[in-house]
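Proteins come first, then strands; the chains are lettered A, B, ... in the order of their sequence lines, and each starts at number 1.
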Number of protein chains: 2
Amino acid sequence: MPLKHGLLGLLNYGQMTGYELDKAFKASLNHFWQAQTSQIYRELNVMEKFGWLTSEIIFQTSKPNKKLYSITDSGKLELTHWIAEKNLGEEIQLRNEFLMKLFFAGERNVQENISMLKTFKSKCMEALTKLSQTDHSLDYYRAKLGETDNSKTLYWRLTSQFGQAYLNMCIGFAEESIKTLEE
Amino acid sequence: MPLKHGLLGLLNYGQMTGYELDKAFKASLNHFWQAQTSQIYRELNVMEKFGWLTSEIIFQTSKPNKKLYSITDSGKLELTHWIAEKNLGEEIQLRNEFLMKLFFAGERNVQENISMLKTFKSKCMEALTKLSQTDHSLDYYRAKLGETDNSKTLYWRLTSQFGQAYLNMCIGFAEESIKTLEE
DNA sequence: TGGGTCATGTAACCTGTTACATGATTAG
DNA sequence: CTAATCATGTAACAGGTTACATGACCCA
């Protein structure tokens, strides 16, 4: 359950409301996992029932009240167990709708497919730009956590490097494929 | 709906039963999309209700009866529309549980993380071996379709090349990351 | 006065996963 | 005799998506 564990991991850095979690999630984990705001609120309820979290309502005037979540000891255990799971294997599988389209692209003429690959390439280049923005928000969160050493940010940076390597690979693939089709 | 359209695409090559579709799916599309057998049967029912397919029951002695599906004109239209959709964008997003674990790996000691990356690397190398088997089954299906030209198999091969490039990128990433952590 | 931020969700639906069920034939 | 192949699913549950609702405050 990667979404639940992602939320656990973020709460392990400190207490947060659902609203803040949603923003933190989208600023840090979004390039390799996506979640809707509504889904995050739903999962938080479930996780509280599991005993992984506790919540406390903060009453506010001139702003809506909010619910501050904290990770419990049981939640911390769950997080470390999940990280240590030896299940790596299904987790590496690709699920890619673009490749599904490409697979069946033989139904169309070559020109349309070249233009599809060009669109793909430019989307990847856009995404690459956005990823560097993720790096900036990592710096922001590191400052917020008052991290002096690299123990956490090192791994954050690794995931972002993976994202970059992936997108560069996609761009290279698109270029190669376009060349092949142009022959 | 990539699964429905993947099934449409396969049926567009010729009539098949659910059982045969399941095998064809797993032999050709599985490296970028996964589906359970039960899900395939369920989707076929839905697609028939949509009018994308028709089915005919083949009675057999000494073997269970079977249901042979054929794509309709409306199904063919749907397939080509879906391929031509200009939505490329969400389709390129990564969803990777391994990266989620890596992101939060700062909670553990470096040795455990190095060993996780080594496991990751060896799983990727295994997957690379399996992919070359996919190439063989593509040859098998090409022969079955009696394809003389490359119009379809060219695109099949491209998706397989993408898979190879992806896995090689993962292996390189793992090696680099292990080096960084060993410092 | 209109749009953005703050802050919470519910409801319905679609898609994916897991577990289970049946039962004959055929190849080693 | 046993395991695989053939061939079909159902049921329950988990996870993801889409659409909608509420309402005050603040800034331009």
Side-chain angles (χ1 to χ4, degrees), chain A residues 1-8 15-27 29-30 32-50 52-53 55-69 82 87 89-91 93-97 100, chain B residues 1-8 15-27 29-30 32-50 52-53 55-69 82 87 89-91 93-97 100:
Chain A
M1 314 152 166
L3 175 55
K4 287 189 181 71
H5 292 90
L7 295 170
L8 271 184
Q15 299 177 313
M16 272 185 267
T17 67
Y19 188 76
E20 287 169 320
L21 272 165
D22 184 54
K23 282 194 301 175
F25 193 99
K26 279 162 184 161
L29 313 177
N30 214 232
F32 57 80
W33 205 269
Q34 298 81 44
Q36 258 46 54
T37 306
S38 60
Q39 202 187 352
I40 289 175
Y41 282 111
R42 186 175 55 179
E43 293 299 311
L44 287 170
N45 279 319
V46 175
M47 289 158 75
E48 198 175 359
K49 274 175 198 149
F50 286 176
W52 296 353
L53 308 177
S55 68
E56 132 191 50
I57 292 169
I58 311 284
F59 294 94
Q60 298 185 117
T61 53
S62 91
K63 274 185 186 179
N65 296 338
K66 57 188 182 181
K67 233 165 130 181
L68 192 62
Y69 287 98
W82 170 76
N87 284 359
E90 300 127 52
E91 290 147 342
Q93 289 187 84
L94 271 180
R95 218 171 239 266
N96 192 310
E97 186 166 353
M100 188 75 94
Chain B
M1 313 153 168
L3 175 55
K4 286 189 182 68
H5 292 89
L7 295 171
L8 271 184
Q15 299 179 313
M16 272 186 268
T17 66
Y19 188 78
E20 287 170 319
L21 271 165
D22 183 55
K23 282 194 300 174
F25 194 98
K26 279 162 186 160
L29 314 176
N30 213 232
F32 57 79
W33 203 270
Q34 298 80 45
Q36 258 46 56
T37 305
S38 60
Q39 201 187 351
I40 289 175
Y41 282 111
R42 186 175 55 182
E43 293 300 311
L44 287 171
N45 278 319
V46 174
M47 288 159 74
E48 198 175 359
K49 274 175 199 149
F50 286 178
W52 297 353
L53 309 178
S55 67
E56 137 191 45
I57 292 170
I58 312 283
F59 295 94
Q60 298 186 117
T61 53
S62 89
K63 274 185 186 181
N65 295 338
K66 56 188 185 182
K67 232 165 129 181
L68 192 62
Y69 287 97
W82 170 76
N87 283 358
E90 300 128 50
E91 289 149 343
Q93 290 186 84
L94 270 182
R95 219 170 238 266
N96 190 313
E97 185 166 354
M100 188 74 95

side-chain contact (heavy atoms from CB on, under 4.5 Å) filter on A/Ser55, not counting sequence neighbours, yields A/Glu48, A/Lys67, A/Tyr69

For B/Ala24, the side-chain contact (heavy atoms from CB on, under 4.5 Å) test, sequence neighbours excluded, returns B/Leu10, B/Met16, B/Tyr141

Check the distance between [N]'s [atom2] and [X]'s [atom1] and give it to me in whole angstrom.
X       : N      : atom1 : atom2 : value
B/Gln34 : C/dT15 : CD    : C1'   : 14 Å
A/Glu97 : C/dT15 : CD    : P     : 11 Å
A/Asp22 : D/dG16 : CG    : C1'   : 15 Å

- Hey, is the side chain of B/Gln36 poking within less than 4.0 Å of OP1 or OP2 on C/dT17, counting only N and O atoms? yes

Whether each nucleotide of nucleotides 5-15 of chain D has a protein heavy atom under 4.0 Å at its base (B), only at its sugar-phosphate (S) or at neither (-) is summarised, 5' to 3', as SBBBBB----S

With sequence neighbours left out, write down each residue that passes side chain to side chain donor-acceptor pair (under 3.5 Å) with [X], or none if nothing qualifies.
X       : value
A/Gln36 : none
B/Ser38 : none
A/Trp33 : none
B/Lys26 : B/Asp22, B/Thr37

Side-chain heavy-atom pair A/Arg95, B/Arg95 within 4.5 angstrom cut-off | no

For residues 35-47 of chain B, the salt bridge (charged side-chain N to carboxylate O under 4.0 Å, His left out) pairs (sequence neighbours left out) are B/Lys4-B/Glu43

One would report the end-axis bend of the helix from C/dT1-D/dA28 to C/dG28-D/dC1, five pairs per end and rounded to 10 degrees, as 40°

